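The shown structure was predicted, so the numbers you read here are calculated from the model rather than taken from an experiment.
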Amino acid sequence: MIEVSDFGNKDSTAPVRRRKKRDPVSAVKMPEGLTAAVDAWAEAHHLSRSDAICKLVELALRIAPPVLPSAHPIASDAGRIEELAVHEIKALLDPALPADERERRIRRLTEGPPEFSHERIDLPKQRS
């Protein structure tokens, strides 16, 4: 304990108590049913609601698969998204169309109109 003099008090050697460090408060919005389930779990484990929520989140994070951050999420997903789009477009196109017309339509739908190519975030920017 640290002793600090108190100017207004005769007993100037009264100890000063420091507050214990507390975790920041985080409000959680949950439906009534989920709150009731958390409360039941807390009661079964002899915990407060706050401690139960912390424990449940810790348990969930322990069993959840790790999330690997992607360096460029848009770039890494763009190829897969384009493949899915081409597959769906091919299924919708008339099979009687000539191959070159089918490819032109697919390219037009996946790349978009040329007048909007400068807005695409997945394409490198051309220097003017």
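Closest approach of A42 and S48 over heavy atoms only: CB-O, 3.8 Å.
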Let's go through R107 and E103 carefully: what are the C-alpha distance in whole Å and the side-chain angles of both, what is the deciding distance for salt bridge (charged side-chain N to carboxylate O under 4.0 Å, His left out) to 0.1 Å, and is it a yes or a no? CA-CA 6 Å; R107 188 173 50 254; E103 291 303 316; 5.6 Å; no
Using the rule given for side chain to side chain contact (heavy atoms under 4.5 Å, CB included), can you reason through D100 versus R104, listing the C-alpha separation, both sets of side-chain angles and the distance that settles it, and then say yes or no? CA-CA 6 Å; D100 61 334; R104 187 191 70 74; over 6 Å; no
Residue pair T35, R49: steps toward the side chain to side chain contact (heavy atoms under 4.5 Å, CB included) verdict: CA-CA 9 Å; T35 301; R49 180 187 290 170; 3.5 Å; yes
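Two residues are said to be in side-chain contact when any heavy atoms from C-beta on lie closer than 4.5 Å; L93 and E101 fail this criterion.
With sequence neighbours left out, the side-chain contact (heavy atoms from CB on, under 4.5 Å) criterion links L109 to I89.
At distances below 3.5 Å, not a single donor-acceptor pair connects side-chain atoms of R105 with backbone N or O atoms of K90.
Between the OG1 atom in T110 and the CG atom in L84 there is a gap of 12.5 Å [rounded to 0.5 Å].
Residue E32 qualifies as open at atom CD: its count of foreign heavy atoms under 6.0 Å is 12 or below.
Clustering of Ile, Leu, Val, Met, Phe, Trp and Tyr by side-chain heavy atoms under 4.5 Å joins L56 with V28, M30, L34, V38, W41, L47, I53, V57, L59, L61. Residue I63 shares its hydrophobic cluster (ILVMFWY side chains chained together at separations under 4.5 Å) with no other residue.
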